Amino acid sequence: MQAVPALNIPANSAIAQPEFLMGVATASYQIEGAADEDGRLQSIWDTYCDEPGRVLHGDTGDVACDHYHRWEADVDLIAGLGVDAYRLSIAWPRVMDEKGQPNPKGLTFYKNLLNRLNAKGIQTYVTLYHWDLPQHLQDKGGWANRETAYAFAEYADLVSRELAGKVTAWATLNEPWCSAYLGYAEGRHAPGITDLRQATQALHHLLLGHGLALAKLKANDPGAKRGIVCNTGTFKPLTDSAADQDAAHLAYVQQNYWVFDPLLLGNYPKDIFRLWPGTEPLVLAGDMEIISTPMDFFGINYYFNSVVESNGAGGYKEAPHSDKVERTQMGWEVYPQGLTEILVDFHQRYRMPPIYITENGMASDDSVVNGGVADAQRVRFLENHLMAVDTAIKAGVDVRGYFIWSLMDNFEWAYGYERRFGITHVDYATQVRTPKHSSLAVQAFLQQRKQRPAD
Ligand code: FCB
């Protein structure tokens, strides 16, 4: 068996201090399975997976990691890692029926799960919406319909009343950019719509739902923190021509400021409508105040850098991939400095609440050999990104924690089960979980961190 590489994090870095929160993350549809059990309704991802050609190899979330039945052992797996926190999401279609009434069986699943995590001293970071919208709401237009924002607030109200006291931090939405842009503009995610105008409207309603939900969370569970989780990315111009530089700027605005500006400044960036003329959403009086409600924390997901060039029509397009950079199984460019860059940029542009890196990680084509999984690229990836966070902290950015995506291999949306993001390997035929070297390296790092005497 190959030796397990160590996660080299200097003892004097912010990351090595015990108060820096370390966690692992998952999401309901990606791990739970049990799609038809205990009164769970159909979600937009069930529908999308059933449409031929949408998901690689025709994979679905019907069984996934069977976490719905294996949650006790999975919590033990998390506890065994020695992490401080676990980020999970609640499946809306599992806990609320079509009339808005609670589904006790679905709620019991999450109560038991949270109780076990609490009993083991693991902090719980709970996302209300990680993309599994009930299909009956999609049938009425989904996020393109303003009513969905109010339905989301009702759902947040119900869940936070039921689970109050068990949650450390609530995040309303996971990556509203993906829900709006991949779901309504590119159609690469459920519900598979390709209409930019609907995408900007969907984002507006997602953000409105977020703001309305914050008020419910505050009323029902005042002791918990409240925030949101957004994806981010960096973009570099292919050449230093003015057109390519503007292309990179527009791509950056589209990826980051389109979502961050309304949340933190209370307005949409003008450049988004320079990029997409005529797609201004309908905004009603008072919406932007609701959307920019102050939060206790901001969750940031970061994965990769992209190189873009001008498309010759005032926009941008992805440049052909260079083979000179390191890439992951997703084809994503490994660029740890990007994490420092966005953190420093947001720190300068906004008054950010405390930040948690709520997702970071990479996919590789891992397999079990002689009982082990040698994922050395992931160990280096995690180490370099953790150190990029350390650099940002040294530059004055208030980053309080970091969650690895993901606890285990799972259903990677349109890429199905082929892309493996876990620090734990999952054999989907047997549901056997095998710690990869990255998981052993994280465990060893956390153990050392606990044992080191405080300075
Ligand atoms: C993010 C998603 C998460 C996972 C990672 C790889 O966009 O939030 O569910 O799929 O990408």
Side-chain angles (χ1 to χ4, degrees), residues 23-33 43-45 48-49 54-56 59-61 64-65 67 86-92 125-133 171-186 188-190 203 206 210 227-234 254-256 258-260 298-306 327-335 338-339 342 356-366 375 377-378 381-382 385 402-424 426 438:
V24 285
T26 64
S28 49
Y29 191 72
Q30 295 178 276
I31 65 166
E32 285 177 0
S43 84
I44 55 172
W45 270 94
Y48 192 75
C49 290
R54 294 292 205 185
V55 177
L56 201 60
D59 291 346
T60 76
C65 305
H67 173 71
Y86 175 50
R87 176 173 176 242
L88 64 127
S89 81
I90 309 270
W92 186 349
Y125 280 63
V126 177
T127 306
L128 286 169
Y129 183 71
H130 202 125
W131 307 351
D132 36 5
L133 187 74
T172 53
L173 306 174
N174 177 69
E175 303 190 347
W177 181 92
C178 291
S179 299
Y181 188 70
L182 299 180
Y184 288 81
E186 291 200 335
R188 288 196 283 132
H189 277 185
L203 182 74
L206 280 151
H210 151 80
I228 191 169
V229 169
C230 293
N231 56 307
T232 63
T234 54
Q254 196 269 142
Q255 178 79 83
N256 304 296
W258 178 32
V259 180
F260 279 66
F298 206 107
I300 285 183
N301 297 351
Y302 172 79
Y303 286 95
F304 61 99
N305 176 63
S306 309
R327 293 186 186 278
T328 70
Q329 190 191 17
M330 298 295 285
W332 294 348
E333 176 185 336
V334 177
Y335 186 65
L339 185 48
I342 50 139
Y356 290 82
I357 307 304
T358 32
E359 285 180 28
N360 177 239
M362 57 158 283
S364 44
D365 183 14
D366 302 316
D375 59 339
Q377 190 192 7
R378 181 172 289 104
F381 183 101
L382 296 175
H385 285 79
Y402 173 99
F403 291 79
I404 298 168
W405 185 271
S406 176
L407 165 67
M408 56 186 158
D409 295 337
N410 58 50
F411 176 77
E412 179 46 33
W413 308 113
Y415 297 95
Y417 297 101
E418 191 189 272
R419 309 294 164 93
R420 294 181 173 273
F421 273 93
I423 58 170
T424 311
V426 176
S438 53

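A quick note: this is a predicted structure, and the numbers were derived from the prediction, not measured. Ligands are counted one by one from 1 in listed order, and the atoms in each one are counted from 1 as well.
- Which parts of ligand 1 touch His130 is read off a 4.0 Å heavy-atom cut-off, strictly below it: atoms 2 (C), 3 (C), 8 (O), 9 (O).
- Contacts between Asn174 and ligand 1, counted as non-hydrogen atom pairs separated by less than 4.0 Å, involve the side chain only.
- Nearest heavy atom pair, residue Ser438 against residue Leu382, reads CB-CD1, 4.3 Å.
- Close approach of ligand 1 to Gln30 (heavy-atom distance below 4.0 Å) involves ligand atoms 3 (C), 4 (C), 9 (O), 10 (O).
- Atoms of ligand 1 found under 4.0 Å from any heavy atom of Phe421, numbered from 1 in the order shown, are 6 (C).
- Annotation: side chain of Trp258 is in contact with side chain of Trp177 (closest heavy-atom distance under 4.5 Å).
- Results of the side-chain hydrogen bond (donor to acceptor under 3.5 Å, both in side chains) test with Asp366 over Gln329, Arg420, Arg378 single out Arg378 as the only residue that passes.
- Near Trp413, meaning under 4.0 Å from one of its heavy atoms, ligand 1 places the atoms 3 (C), 4 (C), 9 (O), 10 (O).
- At a 3.5 angstrom cut-off on N or O pairs, Glu175 counts as close to ligand 1.
- Under the rule for a ring pair (Phe, Tyr, Trp, His ring centres under 6.0 Å), the partners of Phe298 that lie at least two apart in sequence or sit in another chain are Phe260.
- In summary, the atoms of ligand 1 found under 4.0 Å from a heavy atom of Glu412, numbered by their order in the structure, are 4 (C), 6 (C), 10 (O).
- With hydrogens and angles disregarded, no donor-acceptor distance shorter than 3.5 Å links the side chain of Thr127 to the backbone of Leu173.
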